[in-house]
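Report on the structure given below.
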Amino acid sequence: MPFIAALIGYVTKRVAIEMMFRPVEFAGIKPFLGWQGVLPANAERMATTATEMLTTNLVDPKEIFARLDPAQVAKEIEEPLLEVVEDVTREVMETYQPRLWEVLPTAAQLLLLKRVQAEAPRAITKIMREIAANIEDVLDLKHMVVTNLVRDKALLNRLIRDISKPEMQFIARSGIVFGFILGCVQLLVWTFTKSPIVLPLFGLGIGWFTDWLALTMIFLPRERKQFFSLYTWQGVFQKRRDQVAADYGDMIAREIITVPHLLEAVLRGPKSDRLFTMITREVQKTIDAQASVVKPFVAIAVGTKRFQEMKQTAAAIAAQRVPETIRHAEDYAVNALDVRNTIVDRMRKLTPWEFEQLLRPAFRQDEWKLIAVGAVIGGLVGELQALVLLH
């Protein structure tokens, strides 16, 4: 009986762990006949909770983006930027006034291109400086993180599962120990009573109690505490604070708050229109300031209204080319933003309660389901055990 109870303890834990994460998508007949992992089923709530902790306590977008040197960004992308400027200028001129562009002397064409190219890095520096100073106007970090975690439920699973791997192992192994101890009690009760109901009741109790106890011991006590003057204990998750901080920082920097994700959020997020307004304004200013050589000819040839359309078109095309151009500064941005070390340092300064909130929300709201499943499995195994003994 103790060995079977230990097996019940282990199996119920393994099932509970797998039910947290699998399957990623609902398996069965919706809405009630089937199952989806607790985390994937509540992806938006879990992602929102994790993001709230991340953006409130660990990452300040304004502080992070202030580390970017606008002049250095312009320098990193200078070569592709000059190509973009030339392509945009030629495309706009050939679209709106191909004949004029063709008849312009080559020297005039080159002079226009050189003047606009010379101003482009300064325009980029100015745009980057404005973005850094008003990052909340163009980037919704919470929206970006939640969107990526909800869109990629497997990533949400990895975020929780990878940083809590030792805790998951503890849950499973503790089931063996707790189950064996309770199995010894079960054996004593069975020896004195020989009642068939003892086995399924103990099976149910072992499944429920060992799940509850293991989950509790992961997080509590938050500080190291001595029990009965015999041994000390601290929640497994709390004890691993330094390692958890390193693992969490690595994953966030590698898979969530990445330069491509930030670019996508800035360029296509809910506040992207404000960025394109900035770009449009600067491109048009640059054209006005540097196209003075040919502006009179162009304005006369196409009309003032048409010339304004040309500037707007140039700005729109330039904005479309921004993502591929900025990516040339990705290596510099990764090192400058230093998201990983920022998160690690901030995590190590969290209070024990704040630190617990990194993982506990993944368990708290639905942990009763996992405990209930463990109890049902334990009860069924106990019933089977009773049938075997009686026959």
Side-chain angles (χ1 to χ4, degrees), residues 1-24 26-42 160-161 164-221 227-228 231 233 235-237 359-360 362-391:
M1 284 184 190
F3 290 102
I4 292 177
L7 180 63
I8 292 173
Y10 178 77
V11 170
T12 56
K13 303 302 161 294
R14 291 304 316 174
V15 171
I17 291 169
E18 294 306 314
M19 288 180 70
M20 279 192 65
F21 304 102
R22 298 183 183 176
V24 174
F26 187 89
I29 302 173
K30 289 187 175 182
F32 302 115
L33 191 58
W35 183 260
Q36 182 179 14
V38 172
L39 257 69
N42 299 279
I160 301 299
R161 192 161 199 165
S164 64
K165 191 173 292 183
E167 284 70 35
M168 299 303 170
Q169 293 174 346
F170 170 79
I171 289 175
R173 292 168 182 170
S174 68
I176 298 174
V177 177
F178 299 150
F180 187 86
I181 294 171
L182 292 174
C184 292
V185 178
Q186 178 189 33
L187 177 60
L188 289 174
V189 175
W190 167 261
T191 300
F192 288 109
T193 65
K194 293 295 192 294
S195 172
I197 197 66
V198 167
L199 299 178
L201 282 179
F202 261 88
L204 187 147
I206 290 169
W208 176 85
F209 181 74
T210 55
D211 276 14
W212 171 83
L213 185 59
L215 286 170
T216 300
M217 291 179 70
I218 286 178
F219 301 105
L220 300 176
F227 293 88
F228 308 112
Y231 67 96
W233 182 261
V236 178
F237 190 60
L359 187 60
R360 190 65 190 264
F363 293 90
R364 181 175 285 121
Q365 186 160 329
D366 295 289
E367 66 184 25
W368 69 269
K369 295 179 183 177
L370 307 178
I371 294 172
V373 168
V376 170
I377 294 174
L380 291 174
V381 174
E383 181 66 28
L384 180 62
Q385 188 179 11
L387 291 174
V388 171
L389 286 174
L390 292 172
H391 293 85

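The analysis underlying the following values was restricted to heavy atoms, covering all of them including side chains, and did not include hydrogens, waters or symmetry mates.
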For R14, check salt bridge (Lys or Arg N to Asp or Glu O under 4.0 Å) against everything at least two apart and list the hits.
E18

For [X] against [Y], the heavy-atom pair lying closest together:
X    : Y    : value
I176 : A6   : O-CB, 3.4 Å
P23  : A27  : CG-CB, 3.8 Å
P221 : W233 : CG-O, 3.3 Å
E167 : I218 : CG-CG2, 3.7 Å
P40  : V24  : CB-O, 3.1 Å

Taking atom CG of L187 and atom CG of L182, what is their separation to the nearest 0.5 Å?
12.5 Å

Where does the angle between the aromatic ring planes of W212 and F209 fall among parallel (under 30°), tilted (30 to 60°) and perpendicular (over 60°)?
tilted

Which pairs with one or both residues in residues 2-24 pass ring pair (Phe, Tyr, Trp, His ring centres under 6.0 Å), sequence neighbours excluded?
F3-F180

Decide if atom CZ of R22 counts as having more than 12 heavy atoms of other residues, nucleotides or ligands within a radius under 6.0 Å.
no

